[in-house]
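Shown next, in structure tokens, is the structure this report addresses.
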2 protein chains.
Amino acid sequence: MKESELNGSEMIESDLEDAEVKESERPYQKMLDSFREGILSGRLRPGDRLEPERELASRLGISRNSVREGLRALELIGLVSSRQGSGNFVSVNFDGTMTDMLTAMYYLKGLNEEQVTEFRFCLEWEAMHLAVERAEKEQKQRALEALRMLEEATTEDERIRYDKAIHEAMVEASHNDFLITNYRALTSFMDTYFKSMRRRIIQGMESRHELEMSHRLLAEGMAEGNLVKGLRGLRSHFEFIERYK
Amino acid sequence: MKESELNGSEMIESDLEDAEVKESERPYQKMLDSFREGILSGRLRPGDRLEPERELASRLGISRNSVREGLRALELIGLVSSRQGSGNFVSVNFDGTMTDMLTAMYYLKGLNEEQVTEFRFCLEWEAMHLAVERAEKEQKQRALEALRMLEEATTEDERIRYDKAIHEAMVEASHNDFLITNYRALTSFMDTYFKSMRRRIIQGMESRHELEMSHRLLAEGMAEGNLVKGLRGLRSHFEFIERYK
DNA sequence: AGAAATTTGTTCGTATGTATA
DNA sequence: TTATACATACGAACAAATTTC
């Protein structure tokens, strides 16, 4: 509508209007810009309710359909959650999007297991450095408890579960949300599309009791604040992956 | 919202309805599922054109507006690009979304510069390991050329530019798209919201000629395939950041 | 407890701009 | 240049869930 007006007018004006035209890109982009501004300014905080869709539409000068396109996009990336009859709310929920993105990268960019492992190692390596400094008691206990369960485990599924739990506790203990979010997305992706790999590794390790050894170093190193020990466990774990992938 | 349905109805039914509930999700979710299926099955490849919106709508049994909500969401995360009059195309373009997510994490989760630096270090540390093994001639040359320009640079803006170029070449040389995408998003985020930090670091380094020293080690280490040298440069760089952040 | 108001969920119809053969 | 196919965008309407009084 507005576009037709602009296109209908002479080109000479368009330069002058550039700033305005830029502003009035796609309608749903306006919605996104408005949201971004709210976040960056601190006006919008997690849990806050957005204006009603109709209000947003009229304030931004776009249709409700366009507002909704923006809302759905924000919902998809985990920044908004919509409740029928109630409203749209600011939310912070990136895990799903991250997983989707890593998954899409894997499939669309033709990646392979090696790159996944490299990335995972990258995250865990740094996480260990931070974890030995920052781990809370709860996280240390969780790691040690999972280690105990791992050593007592009798089935493969149990081993997989406690293996994961140890790594998760360690990464969480890093208290770095960039690492944590990426790591969660990566493991979630692996759980869904990579199950066989984790199984092969566990199987290979089991036969040689290297699983317990590396995880003992890893969990205890973190719990004791012993970086060298923790890293040795990590390295031994990934050397194993390298061999059995 | 779906939870409320399930909680409201009896649990006995929910099992039976599971399949049907799955079928009758939200309309725009159907659109996303259809897309996901296409990607995972390999039927949809980057560059491919999607069915026309009307066709999708009728095939999935939803309205065009709902299709469009899904399409806009996919466009936002960089998986679809829409061209009016032409169609919707599969695209692979995560950089913007990644940046948005890191930005949102920073603001909504109350992160700080320290966590950003930790994550950046994490990515670069692993990237260096891979880069010394995999760097192509072009990437080595680009790093060395940027180093030369950095040492000849006279303005702060130039220093910032060539500093960035060296790191970028190194990360790209890792040939790991998980690292690369995260790194690009991180630098893009820093460029937009963190300009002052990079400037402070450059300024601090300038006075002591440590900028050139660490980047020389970094660039040459990578170009020569000398891991120890490269890591020394990286460490010295980040020690500086630690001091001047 | 119940009715009314509010708000999102979803669809349809229509007009219009844009690319392509 | 003209069709045709397609995306863009809006507005109106009703359904469904929630909140409010």
Side-chain angles (χ1 to χ4, degrees), chain A residues 1-11 14 17 20-35 47-76 79-91, chain B residues 1-9 17 20-21 23-35 47-76 79-91:
Chain A
M1 296 204 93
K2 203 186 253 176
E3 288 174 340
S4 64
E5 292 169 23
L6 291 173
N7 290 337
S9 57
E10 289 110 74
M11 272 306 173
S14 59
E17 288 175 339
E20 214 172 314
V21 169
K22 206 70 186 176
E23 236 54 275
S24 68
E25 314 170 79
R26 303 263 292 279
Y28 94 102
Q29 195 64 44
K30 272 190 182 170
M31 160 67 210
L32 299 182
D33 290 344
S34 157
F35 184 82
D48 288 357
R49 212 191 84 172
L50 273 53
E51 299 165 81
E53 295 177 357
R54 288 175 179 80
E55 207 173 297
L56 259 170
S58 82
R59 186 167 67 77
L60 298 174
I62 60 181
S63 76
R64 193 176 154 223
N65 280 330
S66 298
V67 168
R68 284 180 61 81
E69 287 185 6
L71 249 15
R72 284 299 78 73
L74 290 171
E75 189 180 43
L76 180 66
L79 282 173
V80 158
S81 90
S82 303
R83 291 203 283 274
Q84 182 176 177
S86 180
N88 294 292
F89 298 82
V90 180
S91 121
Chain B
M1 38 206 142
K2 201 187 265 176
E3 290 172 339
S4 62
E5 291 174 21
L6 291 174
N7 291 337
S9 58
E17 287 176 340
E20 212 172 316
V21 168
E23 237 51 275
S24 68
E25 318 167 82
R26 302 259 296 280
Y28 94 101
Q29 196 63 43
K30 275 192 184 170
M31 159 69 209
L32 298 182
D33 288 345
S34 156
F35 184 82
D48 287 358
R49 212 192 82 173
L50 272 55
E51 298 164 83
E53 294 181 355
R54 289 175 179 80
E55 204 173 313
L56 259 171
S58 81
R59 186 166 68 77
L60 299 174
I62 60 181
S63 78
R64 256 190 83 207
N65 278 331
S66 297
V67 169
R68 284 177 62 81
E69 287 186 6
L71 247 17
R72 284 299 78 75
L74 289 171
E75 190 180 40
L76 179 67
L79 281 173
V80 158
S81 89
S82 302
R83 291 202 282 276
Q84 182 172 355
S86 178
N88 295 291
F89 297 82
V90 180
S91 129

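Treat the numbers as computed from the prediction; the structure is a model and nothing was measured. Below, chains carry the letters A, B, ... as their sequence lines are ordered, and counting in each starts from 1. The figures that follow rest on heavy atoms only: side chains count, while hydrogens, waters and symmetry mates do not.
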Distances under 3.5 Å between nitrogen or oxygen atoms of protein and nucleotides 19-21 of chain D:
none

Out of D:dG11, C:dT18, C:dC12, minimum distance to the side chain of B:Ser63 belongs to C:dC12
Closest of D:dG11, C:dG9, C:dT18 to the B:Asn65 side chain is D:dG11
Between [X] and [N], is there a side-chain N or O to OP1/OP2 distance below 4.0 Å?
X: A:Arg64; N: C:dG9; answer: no
X: B:Asn88; N: D:dA7; answer: yes
X: B:Ser66; N: C:dG9; answer: no

Taken in chain and number order and not counting sequence neighbours, the residues that satisfy side-chain hydrogen bond (donor to acceptor under 3.5 Å, both in side chains) with B:Glu75 are A:Arg26, A:Tyr28, B:Arg72
Sequence neighbours excluded, the answer for side-chain hydrogen bond (donor to acceptor under 3.5 Å, both in side chains) partners of B:Arg59 is B:Glu51
For [X], side chain to side chain contact (heavy atoms under 4.5 Å, CB included) partners two or more places apart:
X: B:Ser91; result: B:Ser81, B:Asn93
X: B:Leu76; result: A:Leu32, A:Ala73, A:Ile77
X: B:Ser86; result: B:Arg83, B:Phe89

Looking across every strand, which nucleic acid part, if any, lies under 4.0 Å from A:Leu71 by heavy atom: base, sugar-phosphate, or nothing?
nothing
B:Arg54 meets the salt bridge (charged side-chain N to carboxylate O under 4.0 Å, His left out) criterion, sequence neighbours left out, with none
By salt bridge (charged side-chain N to carboxylate O under 4.0 Å, His left out), A:Glu55 pairs with (sequence neighbours left out) none
To the nearest angstrom, the CG-P distance between B:Leu60 and C:dT11 comes to 11 Å
Under a 4.0 Å heavy-atom cutoff, the residues of residues 48-59 of chain B touching DNA chain D are B:Arg49, B:Pro52, B:Glu53, B:Arg54
